[in-house]
Amino acid sequence: MSNQDRLDFIRNYYANQEKVKVEVLPSISKTTKGNVVHKFNGKRAGYEFKHGVAYVDAKDVHLFRNSLPYMVIHDKKEGNE
């Protein structure tokens with residue numbers, strides 16, 4: 001690992017410390033051939049969700065708590081990391 005790779009890793013690590021993981025639970029459809037799992041891909045409240053997960057700035061968490069209650073918020077303060 002070069003010195004630049006190490007610096008990039010450290011910058012990314014501390015940049016993600018101010019983010020909170022918000023998750024949309026997958027929906028499961030039961031078919032005759034088995035279960036089909038659908039994970040959400042799209043935008044909500046200005047954040048891009050990929051495979052049902054987005055990392056949201058800590059200052060914007062209130063947007064999800066109030067208007068989108070079906071989302072799971074992995075808040076570091078609650079110990080659900």
Side-chain angles (χ1 to χ4, degrees):
M1 182 183 267
S2 69
N3 194 26
Q4 187 61 38
D5 291 337
R6 241 181 238 140
L7 288 173
D8 291 339
F9 175 78
I10 291 169
R11 282 187 192 114
N12 290 335
Y13 176 79
Y14 283 108
N16 286 334
Q17 293 300 312
E18 298 173 0
K19 305 264 184 184
V20 176
K21 182 179 177 183
V22 177
E23 183 178 6
V24 178
L25 296 177
S27 62
I28 300 172
S29 301
K30 295 187 180 201
T31 64
T32 57
K33 294 184 179 182
N35 294 339
V36 179
V37 178
H38 299 280
K39 293 186 179 180
F40 178 70
N41 290 317
K43 284 191 167 190
R44 290 291 182 268
Y47 288 95
E48 183 77 28
F49 283 83
K50 293 184 181 178
H51 301 291
V53 176
Y55 290 93
V56 177
D57 292 330
K59 62 181 175 135
D60 293 334
V61 171
H62 71 279
L63 297 172
F64 294 95
R65 285 184 204 252
N66 297 338
S67 60
L68 303 167
Y70 57 89
M71 294 189 180
V72 178
I73 300 171
H74 298 280
D75 197 0
K76 294 174 187 173
K77 294 176 185 172
E78 296 174 359
N80 294 335
E81 191 173 0

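Asp57 places a side-chain heavy atom less than 4.5 Å from the side chain of Tyr47.
Shortest non-hydrogen contact noted between Asn35 and Lys30 is OD1-CG, 3.3 Å. Listed here is the closest heavy atom pair of Val20 and His74: CG1-O, 3.5 Å. Nearest heavy atoms, His51 versus Asn41: N-OD1, 2.6 Å. Of all non-hydrogen atoms in Val37 and Pro26, the two that sit nearest each other are CG1-CB, 3.7 Å. Here the closest heavy-atom approach between residue Arg44 and residue Phe64 is recorded as O-CZ, 3.8 Å.
Atom CD in Glu23 sits 9.0 Å away from atom OH in Tyr55 (nearest 0.5 Å).
Linking Ile, Leu, Val, Met, Phe, Trp and Tyr whenever their side-chain heavy atoms come within less than 4.5 Å leaves Ile28 and Met71 in two separate clusters. Hydrophobic clustering, with ILVMFWY side chains joined whenever heavy atoms are under 4.5 angstrom apart, groups Leu68 together with Phe40. Under a hydrophobic-cluster definition in which Ile, Leu, Val, Met, Phe, Trp and Tyr are linked whenever side-chain heavy atoms come within less than 4.5 Å, directly or via other members, Leu25 and Ile73 are assigned to different clusters.
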Give the C-alpha distance, both sets of side-chain angles, the deciding distance and a yes or no for side chain to side chain contact (heavy atoms under 4.5 Å, CB included) between Val22 and Phe49. CA-CA 9 Å; Val22 177; Phe49 283 83; 4.1 Å; yes
